[in-house]
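Written out below as structure tokens is the structure these notes cover.
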There are 2 protein chains.
Amino acid sequence: MTVTLADVAARAQVSPATVSRVLNGNYPVAASTRERVLRAVDELDYVLNGPASALAAATSDLVGILVNDIADPFFGIMAGAIQSEIGGPGGRAGGERLAVVCNTGGSPERELTYLTLLQRQRAAAVVLTGGAVENTAHATAVATKLRKLGEAGTRVVLCGRPPAPADTDAVALTFDNRGGGRELTEHLIGLGHRRMGYIAGPEERTTTRHRLEGHRDALAAHGIADDPARTVHGRYDRRAGYEATIELLRREPGLTAVVAANDTVALGACAALRDSGLRIPDDVSVVGFDDLPFSIDAVPALTTVRLPLADAGARAGRIAMGREEVPPGGIATIRGELMVRGSTGVPKGA
Amino acid sequence: MTVTLADVAARAQVSPATVSRVLNGNYPVAASTRERVLRAVDELDYVLNGPASALAAATSDLVGILVNDIADPFFGIMAGAIQSEIGGPGGRAGGERLAVVCNTGGSPERELTYLTLLQRQRAAAVVLTGGAVENTAHATAVATKLRKLGEAGTRVVLCGRPPAPADTDAVALTFDNRGGGRELTEHLIGLGHRRMGYIAGPEERTTTRHRLEGHRDALAAHGIADDPARTVHGRYDRRAGYEATIELLRREPGLTAVVAANDTVALGACAALRDSGLRIPDDVSVVGFDDLPFSIDAVPALTTVRLPLADAGARAGRIAMGREEVPPGGIATIRGELMVRGSTGVPKGA
DNA sequence: CTGTTAGCGCATTCAC
DNA sequence: GTGAATGCGCTAACAG
């Protein structure tokens, strides 16, 4: 019923082995033979059986990409860039590789589950994007998984994520979240702001912590007290930004600036400020993080830190495919760039 | 080296078949035996070999999701919703299924390539999202592929895409783009607009055509001439919206409204209008399509048609898993909902 | 409920 | 350069 490699071999009057060689192109085959085989493939409309191929070769053409939220352009952009680099020649049978995008939803359990699933599929490579959950047990479990994946020949790359233990052999492209956070707050301080609210991401996340630390570093460097009441945690979405802003305003109506964990949260903050009758940046300045595409279209345009998501993803993809040199020590830090735009200004009365 | 099912069987002192049955849970196994097997699995840290399993069972746990652009939330939202529904019990070995998200970039060739790749992997199901390319040769090629996939036991669902030929057995959840387009333009006409520019998506796309037809339907219904100079085609991105708006304004400075192919394009249009010194909606009204999350945060908030992307994706996912009844005739039309917001108003001088 | 027996379709040794 | 033989690890009948 379903046409197999043997059928092709019969039709081309060669052995199955030869067909396999032609298809994988990793072996010398006479041009005329190849012609004949290719024609048979075409005539029979033959499609290679991936699982069988993977079983025999003990490796597959699947590349796993773990993301926290595929609906968030932050991850979508990276995932797209990774995928664009994993194709091309080099893989089995035609060189096409398939990206398996796994949505963890930020759940540690699902992250582990997906890693196991990818291990099960004998994935050629796995790229983990976004911040990690800060929990010793989970970190250990992930490290163990990564080690096993590595031992099984799966290349592991962390993109926008802090390095894993060295013995995991995972390459890390890390965003300088701390530095970016510091720059943003320093920008605000430079404008004269002193009473700034901070909307942090979910707790127990490296990204959340690093950005917040950068903010606090800047405060400390300028002798500004870090009032705990000025920090609120929430998810990385618009709604959290909205609610957190209302809460911050309730606690301290005299706030002159709001520092958001990322651009999406910042958008929610802007909405809350507008709904509270406050003007941006005249009454309150707002900053985001990431510089997602929509940030420039906010009104006023959002001051933020641009992260080269597409570049980082592309690089991670190439490293995963062994097409780019691994950075020294297996770790590269990627810095963001401060984008000063209309959402920040001199505080009222300054 | 790598531990196999046979190792587990040996350790648990049962036959390989029994281990397989425990793992797949589709067969009655004595509780005590199951216990023993599970313990052995744990002790040996055994991980099922996906390809071997897929080969033997002639089906895999992979579900393909084709999207035009994974960095676009329009697709990200649908992909996330689909993925959230394909997990859970029912699949092989624990019921976890892996979503293979394929980024076609809108390219017909890549679409076909990915379908072949998924066919090669013996995917359990394939969901195609977004509009189709309107090209007879390509449409035929896709239909042929879908038919083959269906014959091989792969369930095919179209989500936000027009139906495929009936003999493909593909279930279609189609967005009523035409109706939504009509509503938007009728809303503008109702406000008094007569000179409206239209920024269409790429040519040869069903989505583009249907939305445009809806617009023209509304014009015709109100006896408004459809001036070809008032329509510009471009990609579905912000930049295209920006440039198209500049061009429309150049052609006809007296435009009172801009109808954009989708929200992203509308955002670009808004930026162009602002840069041209025009106020929204006082000077020019703007409408989008889709109601992506950021649309409500535009200033003024965007009037648009809300498409239930998450619901549609979830439903497509369930149908793909055979967990939801197929709509009558295999086709369901999903309507959008007009969201009137601040970006539209009475035209100047009215 | 459990063990035995055959392959699933292909990649890869070896020979020639 | 090409063919023949072997096994990758697992599932699915079929017995019992």
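The sequence lines fix the lettering, A, B, ..., with proteins before strands; numbering per chain opens at 1.
- We find that OH of B:Y27 is positioned 12 Å from P of C:dC1, with the value rounded to whole Å.
- Atom P of nucleotide C:dC1 and atom CZ of B:R36 are separated by 14 Å, given to the nearest angstrom.
- Taking only side-chain nitrogens and oxygens, A:S53 never comes nearer than 4.0 Å to OP1 or OP2 of C:dG9.
- Among the nucleotides D:dG3, C:dA11, C:dT2, the one closest to any side-chain atom of B:V29 is C:dT2.
- One can place CG of A:D61 at 10 Å from P of C:dA11, the figure rounded to the nearest angstrom.
- Counting any heavy atom pair closer than 4.0 Å across all strands shown, B:V14 reaches sugar-phosphate atoms only and no base atom.
- You'll find that the side chain of A:T33 is closest to D:dG1, out of D:dG1, C:dC10, D:dT11.
- Here B:A58 lies out of heavy-atom contact (under 4.0 Å) with every strand.
- Of the N and O atoms on the side chains of B:Q119 and B:K148, not one donor lies less than 3.5 Å from an acceptor on the other residue.
- Remark: the B:T116 side chain and the B:T113 side chain contain no N/O donor-acceptor pair separated by less than 3.5 Å.
- The shortest distance between side-chain heavy atoms of B:L128 and B:V156 falls below 4.5 Å.
- Per the geometry, CG belonging to A:L55 stands 4 Å off C1' belonging to D:dC8, to the nearest Å.
- One interatomic measurement links the two molecules: CG of A:L48 to C1' of C:dC8, which rounds to 14 Å at whole-angstrom precision.
- Of the candidates C:dC1, D:dG1, C:dC10, the closest approach to any side-chain atom of B:A30 belongs to C:dC1.
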Practice problem: Take B:L66 and B:L118, measure what side-chain contact (heavy atoms from CB on, under 4.5 Å) needs, and give me the verdict at the end. | Solution: CA-CA 10 Å; B:L66 263 65; B:L118 290 165; 3.6 Å; yes
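- A salt bridge does not link A:R315 with A:E85: none of the charged nitrogens is closer than 4.0 Å to a carboxylate oxygen.
- The interatomic distance linking B:R122 (CZ) with C:dC8 (C1') rounds to 11 Å, in whole Å.
- For C:dA11, one of the phosphate oxygens OP1 or OP2 lies less than 4.0 angstrom from a side-chain nitrogen or oxygen of A:N24.
- Residue-level contact check: A:L5 touches the backbone only, with heavy atoms under 4.0 Å from sugar-phosphate atoms and none from bases.
- Side-chain proximity of B:A17 to C:dA11, C:dC14, C:dG3: nearest is C:dG3.
- Rounded to whole angstrom, the span from the CD atom of B:Q121 across to the P atom of C:dG9 amounts to 15 Å.
- Nearest nucleotide to the side chain of A:S15, out of C:dC10, D:dG3, D:dT11: D:dG3.
- Distance CG (A:N26) to C1' (D:dG1): 16 Å, rounded to an integer number of Å.
- Within 4.0 Å (heavy atoms only), A:T18 reaches sugar-phosphate atoms of the nucleic acid but no base atom.
- Side-chain proximity of A:R21 to D:dG7, D:dG9, C:dT13: nearest is C:dT13.
- Electrostatic pairing of B:R36 and B:E43 does not count as a salt bridge here, judged by no charged N lying under 4.0 Å from a carboxylate O.
- Not one side-chain nitrogen or oxygen of B:T4 sits closer than 4.0 Å to the OP1 or OP2 atom of D:dG9.
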